Number of protein chains: 2
Amino acid sequence: MKDMIQHLREHGILPTAQRLAIAEFIFSTDGHPSADEVWEKVKSTFPTLSRATVYNTLNLFVDKGLIKRQLLREGTVVFDAVSTAHHHFIDEESGRIYDIPWDNIEVKVKGEMTGFDVRDYQVVMRGRRKQD
Amino acid sequence: MKDMIQHLREHGILPTAQRLAIAEFIFSTDGHPSADEVWEKVKSTFPTLSRATVYNTLNLFVDKGLIKRQLLREGTVVFDAVSTAHHHFIDEESGRIYDIPWDNIEVKVKGEMTGFDVRDYQVVMRGRRKQD
DNA sequence: GTTCGTGCAAACGGTTTGCAACAAT
DNA sequence: ATTGTTGCAAACCGTTTGCACGAAC
């Protein structure tokens, strides 16, 4: 809790009650929730929380570098609180998104990539989760 | 033209004038247009074409396996007519999406991936296009 | 008291859908 | 005749925005 206040302050974010509640949730889940899903969840412990505040707050967190937007679901952006680089696996049946540790996959450039200044990359996999 | 009619028929699609016009466009561009962009372009040669028909047709093409939906742009789905597997590079400045040949990048699994039945994957890169 | 954050409702933009007119078999 | 396709408009849904109220420095 105290750490979270500190964490927000370090990123230049004024730690209001709403922002704390949202931050607590998004950093405690290992899922990849949409803004509306965050709203639904946090509302249960913070009933007055408005949808607009959730959207604004999540965008603020992204701008300040606390979390990342990911294009992994159709129709909605999802947010990813894991700060270290990783890959993603999407279960085509459930739509669930799994983090794949960075070191599980080796990506090597073999062909010509001149003219492309790659700042960031990730492997996006799709398929079926067999167990779990 | 004749080939396109044939192509559609082979995929179980009745080749109407609208569908032909949309197919001609999407298979001739190397870009990754959104449905609205397809509409704008094809409308110039087919003014009566409605937006709904474009959306319906593109979805039909996806269902029948002619083209692919890609989650590479925020706010809209883009369509990809290239049937062979490839990776993508997104210019963060312009938003332009570039195809990267499959053999340019080697992806090797190093870690544990049990439980994940990977049916499909691609590398998504972001950065700046330096020349063109 | 000025700046910043919140909540509400309205607006917005991409996409889907219901429906009537129409074309194809 | 039946089935499938088109165009229009309305509906839908995720997201942003304008604005008034309220809290914090």
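Labels below follow one simple rule: chain letters A, B, ... track the order of the sequence lines, proteins then strands, and each chain is numbered from 1. Just so you know, these numbers come straight off a predicted model, no measurement behind them.
- Hydrophobic side-chain contacts under 4.5 Å tie B:I90 into a cluster, directly or through other members, with A:L72, A:V78, A:I90, A:I97, A:V124, B:L72, B:V78, B:I97, B:V124.
- Atom CG of B:L20 and atom C1' of C:dA24 are 15 Å apart (whole Å).
- Looking at residues 41-48 of chain A, you'll see A:T48 sit with a heavy atom under 4.0 Å from some atom of DNA chain C.
- Rounded to whole Å, the distance from CD on B:E74 to C1' on C:dG13 is 14 Å.
- Rounding to whole angstrom units, CZ of residue A:R19 and P of C:dC4 are separated by 11 Å.
- Under the ring-ring contact (aromatic ring centres under 6.0 Å, His included) criterion, the residue pairs touching residues 65-96 of chain A are A:H32-A:H88, A:H86-A:H88, A:H87-A:W102, A:F89-B:F116, with sequence neighbours excluded.
- Legend: residues meeting side-chain contact (heavy atoms from CB on, under 4.5 Å) with B:S94, ordered by chain and number and at least two apart, are B:D91, B:R96.
- Near-neighbour residues of DNA chain D inside residues 27-35 of chain B, defined by a heavy atom below 4.0 Å, are absent.
- A:K108 meets the side-chain contact (heavy atoms from CB on, under 4.5 Å) test with A:E106, B:E106; sequence neighbours excluded.
- Regarding A:Q18, its CD atom lies at a distance of 10 Å from the P atom of D:dA24, rounded to whole Å.
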In a table with atom names and distances, give each donor-acceptor pair under 3.5 Å that connects a side chain of residues 33-41 of chain B to protein atoms at least two apart or in another chain.
{"from": "B:S34", "atom 1": "OG", "to": "B:E37", "atom 2": "N", "distance (Å)": "3.2"}
{"from": "B:D36", "atom 1": "OD1", "to": "B:R51", "atom 2": "NH1", "distance (Å)": "3.3"}
{"from": "B:D36", "atom 1": "OD1", "to": "B:Y55", "atom 2": "OH", "distance (Å)": "2.9"}
{"from": "B:D36", "atom 1": "OD2", "to": "B:R51", "atom 2": "NH1", "distance (Å)": "2.8"}
{"from": "B:E37", "atom 1": "OE1", "to": "B:S34", "atom 2": "N", "distance (Å)": "3.0"}
{"from": "B:E37", "atom 1": "OE1", "to": "B:R73", "atom 2": "NH2", "distance (Å)": "3.3"}
{"from": "B:E37", "atom 1": "OE2", "to": "B:R73", "atom 2": "NH1", "distance (Å)": "3.0"}
{"from": "B:W39", "atom 1": "NE1", "to": "B:L49", "atom 2": "O", "distance (Å)": "3.0"}

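- Judged as a salt bridge (charged side-chain N to carboxylate O under 4.0 Å, His left out), and not counting sequence neighbours, A:R9 has no contacts.
- One finds no side-chain N or O of A:T16 lying less than 4.0 angstrom from the OP1 or OP2 phosphate oxygen of D:dA23.
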Please report, to 0.1 Å, the donor-acceptor pairs under 3.5 Å made by any side chain of residues 62-70 of chain B, with sequence neighbours excluded.
{"from": "B:R69", "atom 1": "NH1", "to": "A:E74", "atom 2": "OE1", "distance (Å)": "2.9"}
{"from": "B:R69", "atom 1": "NH2", "to": "B:N59", "atom 2": "OD1", "distance (Å)": "2.3"}

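- A heavy-atom distance below 4.5 Å is found between the side chains of B:M125 and B:I105.
- Each of A:N56, A:L58, A:T57 was scored for a side-chain contact (heavy atoms from CB on, under 4.5 Å) with A:V54, with one residue passing: A:L58.
- Scanning for salt bridge (charged side-chain N to carboxylate O under 4.0 Å, His left out) contacts around A:D99 gives an empty result, with sequence neighbours left out.
- D:dG22 atom C1' lies 14 Å from atom CG of A:L14, rounded to whole Å.
- With sequence neighbours excluded, the residues that form a side-chain contact (heavy atoms from CB on, under 4.5 Å) with A:E112 are A:T114.
- Annotation: proximity of residues 51-68 of chain A to DNA chain C (heavy atom, distance under 4.0 Å) is found for A:A52, A:T53, numbered in ascending order.
- Counting to the nearest Å, the C1' atom of D:dG14 and the CZ atom of A:R73 are 12 Å from each other.
- Residue A:T76 has a polar side-chain atom (N or O) positioned under 4.0 Å from OP1 or OP2 of D:dT15.
- If you take CG of B:L49 and P of D:dT6, they are 9 Å apart, rounded to a whole angstrom.
- For B:W39 and C:dG13, the CH2 to C1' distance is 13 Å, given to the nearest whole Å.
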